Amino acid sequence: MLTTFLLLPLAGVLMIAFLPKHREQDARVIALVVALLAFAVSLVAFAMFDRTAEGYQFVDRFEWIRASDVGFGVQYIVGVDGLSLPMIVLTGLLSVAAILVSFGVTLRTREYFIWLLVLETSVAGVFLSLDLIQFFLFWELELVPMYLLISIWGSGHKEYSAMKFLLYTIGGSALMLVGFLLLGLKAGTFEIAVLTEAPPTETLLPLAVIFWFIIGAFLVKLPVFPLHTWLPDAHTDAPTAVSVMLAGVLLKMGGYGILRIVLPIMPQQAQQFGMVLATLAGFSVIYGALITLRQRDLKRVVAYSSVSHMGYVLLGISALGAVGLNGAALQMFTHGTITGLLFIMVGLIYDRAHTRQIADLSGLMHRMPLIGTVLVITGFAALGLPGLSGFVAELTVFLGTLEVHPVATIAAVFGVVLGAGYILWTVQRVLAGPPNERWAHLTDADKWWEHTAMAGMLVAIVLVGVYPRILTDVVSGGIAPIAAILGGGS
Amino acid sequence: MNPLEITLGHYLVVSGIVFGLGIAIALSKRNAIAVLMGIELMLNAVNLTFVAFSRFGSAFGPEPTQPLVGHVFVVFVLTVAAAEAAVALAMAVLVYRRRETVDLDRINLMRW
Amino acid sequence: MPTIPEAAVWAIYFVPLVTGALCATAFRRTPLLAGRAMITAMFVAWLLALWTLQTVIGHHGEAIGFDPITWVHLGDIPIQFGARVDGLTAVMLVVVTSVGLLVQVYSTEYMRGDGGYYRYFAYMGLFCSSMLGLVLASSLLQLFIFWELVGASSYLLIGFWFHRPSAAAAAKKAFIVTRFGDFGFFLGVLLVWVSAGTYDMATLNEHATELSAAALTGISLGLFSGAVGKSAQFPLHIWLPDAMEGPTPVSALIHAATMVAAGVYLIARMFPLFQAAPENVHMFIATIGGITALLAASIGVVSTDIKRVLAYSTVSQLGYMVMALGLGGYVAAIFHLFTHAFFKALLFLGSGSVNHASGTFDMRKMGGLRSHMPITFWTFVIGSLSLSGVFPLAGFWSKDEILATAYEANPIFFGITVLVAFLTAFYMFRAIFLTFFGTYQGGEASEHGHSSHPHESPMSMAGPLLILAVPAIAVGWVNLDGSFGHFIEAALPEAVRQGHHEPVALVMAISTVAALSGIAVATAIYFAKMPASASIRSKLGPLPGIIERKYFMDDLAEDILVRKVLYGGIAQACELFDRYVVDGIVNGIGWAARMKGEVLRRTIVGQQQAYSSLLLAGVLVAVVVLFALSGAGLER
Amino acid sequence: MNFGDANYLGPAITLFAGAGVVLGADVFTDRRAPARTLALLTILAAALCAVAQAMWGPTEVGYGGIIRSDAFSSFFTFLLLAITAAVLTASGGGLQRVAQAGEFYALVLVSTASMVVLAQAQELITIFVAIETTSVCQFILAGLARDDRSAEAGLKYLLTGAVSAAVLLYGFAFLFGLAGSTNLEDIATVIAGAPEGGRLAIIAAFVMVAAGLGFKMALVPFQAWVPDVYQGAPTPVTTFLSAASKAAGFAVTLRIFYTGLGGGDSFVATQWAMMFALFAAVSMTFGNLAAIQQTNVKRLLGYSSIAQAGNIAVGLAAVASGSTLGPSAVLFFLGTYAATNVGAFICVIVVSSRVGSDDLRDYAGLLKRSPGVALVLSLCLLSLTGIPPTAGFLAKLYVFNAAVQTGHVWMVALVIVGVLNTAISAFYYLRWARIMLLDEPREATTFMPSGTVGGLLTLAALAVLFFGVNPTPLIDIARRAAATLL
Amino acid sequence: MTSIGITIAFYALSGLSIGAAVAVFLTRNLLHAVIFVILAFIGMAGLFVTLSADFLAVSQVMIYAGAISVLLVFAVMLTPYASRDNGNSLFAPVGVLVGLGFAALIGFVATQVAWPVFSGSDLEAQNFTGTVRTIGGALLGGYALPFELASVLLLAALVGAIALVREDER
């Protein structure tokens, strides 16, 4: 079943690749259909998922590289637990949304959707992989589509940004690979479950070093100060759909990696460096929020706010307790939907006004009430308004961390106040004010795909906000074993 | 090392000196043909080593059954040196035709 | 009537919510229907609230609990939400639904013709349901959630006329300033979980004394911080006057009767926990309340905008309540909250009616409206008298309880209360004289467009004024025998109940004197013009100027703290650091790699001998290194 | 000489004979013979011989102990034949600068044959003569275009090669002096006795040998000729050098260091492992950093080739007692690298024959001008970078894993250098890909590679993808081949 | 104990080779350099004789002093403008340093390593006579393959050299 999820987009890629040139526009339909099918698969998995059972479900496996006698046995294993399942649903949802908001793309349409689908497969592969090398493979695989999507269909300094994204990720993951190899050395396998079962104790380099090698890559992806400067550039110059995917799921790969790999396999080191992580997290939250206040470009606002918001993920992780980890997992999901939608909204505005400079925009609410309303709601979600999903996640994170890292938590809670500041200020500047002559020709969101994308994301945001158990009941099952390894509850 | 007792070491030292001189010539001279001379000297030095080992050398291990292998090696080195010299000459002539020089410090169209 | 079922209680919450949602969607094209739907919804809610009240009275104010539902699991521990109905809740429900209902009726006329008519009622629905949810909450977290939602709907309503930059800015200011308070509230909420492990407020109150002093201090200061923000206490009061940019019915409902009272309600709800906290906390709360009351009243004296006068008056009265709570006057505070809701709503609606007539809130442009709009005038006077605490109107009784509490507690606080009572009466009658007496100064185009010459408002606006005038007069009498007090004290655990205070005659006398003298001074200055206000002003030196600048509080907060320190200072420093240091290092690494590459590239100089040299030197170096390593014994 | 032993050398003899036929036909038909077809037929025949040899041939030493026919030599025989076949197939368009087509094909065949012998040789004299034969052919090939750059490349290559040969020879001389024999098995016997007294000589000897072979492998500091020669030589020749010559260099290095010096069980194993680690680290860093600013694609690929040599040499440094994991990694890497690099170079051949330039800027918008070429080249560049799902990713992974498996901390340091270099290399490889895929073309003319070359490109791309997705067969072959080294 | 004749011959011939090589390095005239290099080759041939490698000595004289030197002279003659100059390039200091380094390295290894050598009667037994037969046997016996390979090499060099310098037909 999960392999189907990985293969569906690739099937779409093949179909699009053989599409005749004059039917280029059909590429988007094909892409949409396969993405919807994949999303449906993820929903089926979500529905069929046994919330009470331990361990991975829907596992597919075969031995991929048969050389385990020389320490290079690599398996193809996919499976989900409560941690990865929401990420898969998120990937499915955001891919659909990303494809929907890309319906207006006319430049090299076929290639565009091919890369978008490849991106979906690679990201989903990261979430589904249960073997370190396979994980790494998908991790690297995602670079190519991202690089091309940003540098072909982006704007501004797109080539600089794409390259920066690429080099940051490769640079970060380079040492991660070393860490993986060192972890797999003694065990002779790279299977995560086996390594979790019996974490390596004697390694060639001190485990502390390996810890930083591996988590370094995840901190880049997350991103956390001071490894974050690729993010604003990449977001700013990426096309809307890519920003959606980047903020929505790619950043989550970092948090997911820490939860899936770093914590279970190196619990002692995690405990040892929990304080450092918490400090980084708390600082990132405030730092990101403060810089967000200063941004003049809408996308940079959202991008820097991501730095701030992903700090919560790391904060939740750093407490190393069940509640905090739950919060981190929740925050990953909710940030994915919220920021994804924010980028969609910014994209819709940009499609119409052809500028993202806040100073140029004003009074848009008069011309585009629907976009404005959705933007406000999403903004509320982003600033942690209860009833929308962001609040649940933040609350859970803070509940998990207050006792362990009080200072970092207080800093992070203050980040919420700053969040209200930058979001409302932006909303005020962009939407409010007297009707602006310059934008009198703009239209509201009027295409069905725009409506569908917004609606789908809003449903996810409100649903989780009002009834978080739909998510937490699944997540906590995935978190429990990790928390148990780390030494019980919070 | 007794200076009067001529041993393997003596020959090796001479070989080393000639090899070093060959290197010095090969690296110092502008003219490609002079460089070639240096290289030939280096090969000669190696030949001396082979012959000296053949003459004096035993082995760490079972004794060699064919001590004259060193000589055989030298024969091949001579052959190869001749072949290389021929090709080098041709190459030098070719370069000279195109560039009117065989000075290596002027043959640097391609660099960096 | 039978005991109210749980579903009906929840319906109080859901009916306005669903109606609001319908207004936003189904009634977009038929805005008039939206207004009527909202009125109906509020009427239903009001009836249900009365039913609830009746049921609770049947239980003598004791709580009716319902089974909670699990909202989310934290690890293994469930966080549960539910409804809890007791005396306090019932009273609040009635206040909110009654004022809410009247405000909806009033709004249908007041907002007539506005382009965002349906939007207005959608927001109203959201607000009312959130406020009712806040009141119904049985869990502190649930309360916090609705607290935030109330804030959000307040934001939407203040910024309703988003095309006016001042409205948009005021909305943002309101939200962010209250968020500062909520920062503390949120921490308090987190601390509750960490130290008590439950959010059920009844349980928390029951076992408050079992918590450590540090935890209690932290929690109560945190919760109080939330109250400071929401109830516009010093120093976070600065948002409320600006919030008057919203439509006037909104001000009446949210910024007078309901939302701003939520802070007081929160403290009252968690009163046992506050009581368990150390004494210093109480003093702190009372002091903040006292400062707020005095500060706001003094600004009210110099304000020229009728709505701002009322706004400062609200701040001042809320300060009263908070002070009372700090001094242990649970009943006094709630009683005042109860009465205040009616007469302040009345006053706000009255000011809206005035605006409807004159098109302005600037009192200097009004005058002489008494003859044009008698209903408005008389109801306004009733409200003012009630607010000033004139016997036997509602305000008199509730204010008297607060004065009595202060009298018993501390002479300084008592002095403050008396002074504030004087100032209150003074500024209210100053407003009356400026607005309704003298000659009409011309007005302005109204806040939603149609220019006007003064006239009485239509019945849908005047009606609510008349209706509200009744409770403004009479509602104080419910506690003559202390039954109201008993009723709401039933919400508290036995240990914290205080029982009924006998009215203190001396306090009543002083209060009445203060009020009457305030009225008298106002009459002298603004009606009789015996000393003209200008001459008094000149005698007071710089003081009026300072007060008119609101003690520089807004300047300090907005210009210095936010604009200069935060935005221009810290945030800019971070931004520059990010751009030039963090990103600079990144780009520097890239540059260094390129440069190093360039240098390495230049080693391929093009001359063949360089290549041989490199090769041979490489051999030499490698041999020497390996000899050295070998000699150093690294081989094993 | 016993001609019964000829079945050890079937492929090589076939190639030599084929070279003679090509040359003879060229002379006797007044340069109108279909030299390329003849050469390809020769390779086909040699391949058939190689198959026969692998299936039914001898598996032990022969020719008086100087030649082996084993899985290792078979691996390289097939690899070299495949590379040569690809180069010859693709060289049609790239030979405009080479007037003497007959000589070109003959020399390529001779060079290949010598390398096949080299892969089989386990005796120093044979190794030396084979190396020199293939080298001399390559010197000539590099100069065969006979223009300014080509001649310069030939001369530089020759002189540097001669110096490196002298150094190699000195190393051989020392080995001979220590063992009294030129046979690797005899040398192995001596080394197995761990003669401490000869340690210094052994170290000096293997450094010199490594220098001579490092010249072929293009390892720093023996690499300096690479950029100039790659740039100046006719592109098919560059292709040949970058894949075949390098592979042969690694083959003979493995043979000498494993069969001769005893692999991981040698008493100097740590020393030579460290030496290769050093060379590998320096090569990767130098190659990648120096490539960043390159604008000539052949030169760029030259620097890239140095860096890749460093990557492969990580496998050489991955020495562990009784293990051939390192060699198998080298073999796997070489196999995938051959497909990748030949694919890339064939693209360069196609482009430079149509566009007439090796400047990076002239690759702008190649996607619009020749989509197939652009895609294959991009895929090859991805593989060179080591990005999945290409073979290059797994090759790097395999090599790095082999290094870690040795269990030495300094090998981990080497791997760290390696992975960081991957990040650097991404910069220039992907910049090139971006220029092709994204930039606007300078000219609008479109072109297609010929049918055969197109097929070749498809084959290369499929190989790069196939080994990236299903590496196990190649890994198995590489492991079997490496196992015969000890 | 080496015979004194051998000792004298060794020093004299070594001196000749080394001196001639130094002269090659020092002389400014390329033709002189060729003559000096021939001298060095001859000195080497003498040293071979002292090592009882008679066949190699003869080969040395024929191939190096004869054939290769003639090639060198031809090369000088074919490139007349460059022929008189034997100047140093910028790399001369490097060359001298590296040369010295190698000489020192080889000297160090030569003297520090306890080479496995025959001594006494075993050494005497190594006093080859008539090496030609043995070498010839080896070349056509065990070393037939490199021998054939060398012939291919010579052929390839011949063909290649012609291909490189041949005038274009067109």
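Note on naming: letters A, B, ... go to the chains in the order of the sequence lines (proteins, then strands), and numbering restarts at 1 for each one. These numbers come from a predicted model, not from an experiment. Values below: every heavy atom of this structure, side chains too, minus hydrogens, waters and symmetry copies.
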So, the part of D:Leu158 with a heavy atom under 4.5 Å from chain B: the answer is side chain

Within the 4.5 Å heavy-atom criterion, are B:Glu84 and D:Phe139 side-chain neighbours or not? yes

Does a side-chain heavy-atom distance below 4.5 Å link B:Val102 with D:Leu155? no

Can you label the angle between the B:Phe53 ring and the D:Phe174 ring as parallel, tilted or perpendicular, going by 30° and 60°? perpendicular

Atom CG of B:Asn47 and atom CG of D:Leu169: how far apart are they, to the nearest 0.5 Å? 7.0 Å

I'd like to check B:Val46 versus D:Phe172 (side-chain heavy atoms, cut-off strictly below 4.5 Å). Are they in contact? no

I'd like to know whether D:Phe176 forms a ring pair (Phe, Tyr, Trp, His ring centres under 6.0 Å) with B:Phe50, so could you lay out the CA-CA distance, the side-chain angles of the two residues, the decisive distance to 0.1 Å, and finally the verdict. CA-CA 8 Å; D:Phe176 170 67; B:Phe50 272 116; 5.8 Å; yes

Toward chain D, the part of B:Ala88 with a non-hydrogen atom under 4.5 Å: both

Shortest non-hydrogen pair, D:Gly143 vs B:Leu94, comes out as O-CD2, 3.9 Å

Do the side chains of D:Glu152 and B:Arg99 get nearer than 4.5 Å, heavy atoms only? yes

Pick whichever of D:Ile140, D:Val136, D:Asn183, D:Asp148 has the most heavy-atom pairs under 4.5 Å with chain B. D:Asp148

Below 4.5 Å from any heavy atom of chain B, which atoms of D:Gln293 appear? Answer side chain, backbone, both or neither. neither

Which of D:Ala173, D:Ala151, D:Ala153 touches chain B most, by non-hydrogen pairs under 4.5 Å: D:Ala173

State yes or no: are the ring centers of B:Phe19 and D:Tyr170 separated by less than 6.0 Å? yes

For each of B:Ile107, B:Val77, B:Val35, tally heavy-atom pairs with chain D at distances under 4.5 Å, and name the one with the top tally. B:Ile107

Quick one: pull up CZ in D:Arg146 and CZ in B:Arg97 and give me the separation to the nearest 0.5 Å. 7.0 Å

Determine, stepwise, if the pair B:Leu27 / D:Val163 fulfils side-chain contact (heavy atoms from CB on, under 4.5 Å). CA-CA 10 Å; B:Leu27 296 190; D:Val163 169; 5.8 Å; no

Heavy-atom distance under 4.5 Å to chain B: side chain of D:Ile191, backbone, both or neither? neither

